[in-house]
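Reminder, nothing fancy here: chain letters follow the sequence lines and each chain counts from 1. Side chains are part of it too, since the values below use all heavy atoms of this structure and drop only hydrogens, waters and symmetry mates.
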Protein chains: 2
Amino acid sequence: MHVQLLKSKGLKCTPQRLMALKIIEEKGHIDIDQLFENFNNSGMKIPLATLYRILGELSSVGILHTVTLSSQKTRYEIAKGDHPHFLCEQCGQLEDLHVAMNEIVTIAKHACSYSTHSVSIMLHGICQNCSTFPTTDKEEG
Amino acid sequence: MHVQLLKSKGLKCTPQRLMALKIIEEKGHIDIDQLFENFNNSGMKIPLATLYRILGELSSVGILHTVTLSSQKTRYEIAKGDHPHFLCEQCGQLEDLHVAMNEIVTIAKHACSYSTHSVSIMLHGICQNCSTFPTTDKEEG
DNA sequence: ATCACTGCAAAGGGTTTGCAAGTTC
DNA sequence: GAACTTGCAAACCCTTTGCAGTGAT
């Protein structure tokens, strides 16, 4: 329950924050513009500045996880532990990969004598849809 | 030889590009501000706008590889094939990890039915120096 | 000589910030 | 009622762009 989640982090339950969490949970991965659009579609007007603040707060307390991409907007997802992602270079779609991170982390850590808190793994390629319909022009998904 | 490298990509050999490559090769990983500083230190004045252009060009032809970080400036390195990185969350230092990517890639790809071109792996933690001298305030390195 | 590149300055665009008004607990 | 949050607008800052002058081949 998002109400509990916010309270547990000492954040107040505002309609804006609850809506943000609801949308992000529904969409899985989302960037700020898509989130902004979803707010509008659901009839709730919100300034971008407020969205930036909400996303920043929720990320800093660990409710959200951010996926930083080069030349694409940062994506946000509900934080649910490390997992690899697949990024389609053509449509920009981001997907969770369901693979045992343990194995990967173990291997990676062997190369690294430092204490490691987290591991980001991103595969880059072409997604199912884009390889099936290669003529489809580049479009955000 | 950087001269050959540039020519092979159809780029002209300018002192600015050669200097950029020299510095980046020396430093291993560098962001644009550090690069700018290094230019100044070596007595070559260059506008940031030109550096942005050079880094963009060298990256787009594949001479440089960019490492995009959240809340830190993009780092540039001479492109030498995929390898995992370690990022110190405290000092921001980026290090190459020398580990067989193959194993990791194989595992990761098993979770992914799509055609994968490249894999980015980033470990986040605290580096040797920062854990040895934990009182040292956060500083860029 | 030609075409590419640099330098400069200005524009652009995403993100952050200050402050007053409005909410939550 | 106190503290936090939102909304708005302006400020910020990094990055890109246009164009004239310069340089590489």
Hey, does [X] reach any base, or is it just sugar-phosphate, or nothing, if we go heavy atoms under 4.0 Å?
X: A:Ile54; value: sugar-phosphate
X: B:Leu48; value: nothing
X: A:Arg53; value: base

Plane angle bin for A:His85 and A:His29 - parallel if under 30°, tilted between 30 and 60°, otherwise perpendicular |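 Aromatic pair A:His29/A:His85 classed perpendicular.
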Do the side chain of A:Ser131 and the main chain of A:Cys127 share a donor and acceptor less than 3.5 angstrom apart?
->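 Yes; at least one donor-acceptor contact below 3.5 Å.
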Rounded to whole angstroms, how far apart are [atom1] on [X] and [atom2] on [N]?
X: A:Asp33; N: C:dG13; atom1: CG; atom2: C1'; answer: 11 Å
X: B:Leu6; N: C:dT6; atom1: CG; atom2: P; answer: 10 Å
X: A:Leu11; N: D:dA3; atom1: CG; atom2: P; answer: 17 Å
X: B:Leu18; N: C:dT6; atom1: CG; atom2: P; answer: 10 Å
X: B:Leu51; N: C:dC5; atom1: CG; atom2: C1'; answer: 13 Å
X: A:Ile32; N: C:dG13; atom1: CD1; atom2: P; answer: 17 Å
X: A:Tyr76; N: C:dG14; atom1: OH; atom2: C1'; answer: 11 Å
X: B:Phe36; N: C:dC8; atom1: CZ; atom2: C1'; answer: 13 Å

Strictly by modelled atom types, are A:Ser59 and A:His65 linked by a side-chain donor-acceptor pair under 3.5 Å?
->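 Short answer, no.
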Do A:His2 and A:Glu25 have a side chain donor and acceptor closer than 3.5 Å?
->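 Looking only at side-chain atoms, A:Glu25 and A:His2 do form a donor-acceptor pair, the distance falling under 3.5 Å.
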Between C:dA4 and B:Thr14, is there an OP1 or OP2 to side-chain N/O distance shorter than 4.0 Å?
->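 Result: no.
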Return no unless some side-chain N or O of B:Gln16 is found under 4.0 Å from OP1 or OP2 of D:dG23.
->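 Checking D:dG23 against B:Gln16, no side-chain N or O comes under 4.0 Å of OP1 or OP2.
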Contact nearer the 5' end of DNA chain D, comparing B:Lys73 with B:Lys7 |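 The 5'-side residue here is B:Lys73.
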If you find the nucleotide of DNA chain D closest to A:Arg17 and the one closest to B:Thr50, which residue's nucleotide is nearer the 5' end?
->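 The residue mapped nearer the 5' terminus is A:Arg17.
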Listed nucleotide nearest any side-chain atom of A:Lys12, set D:dG7, C:dC25, C:dG7 |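 The closest nucleotide is C:dC25.
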Nucleotide nearest A:Ala49 (side chain, heavy atoms from C-beta), chosen from D:dT5, C:dG7, D:dA9 |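 Output: D:dA9.
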So, are A:Glu77 and A:Lys27 salt-bridged, with charged N and O less than 4.0 Å apart?
->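 No.
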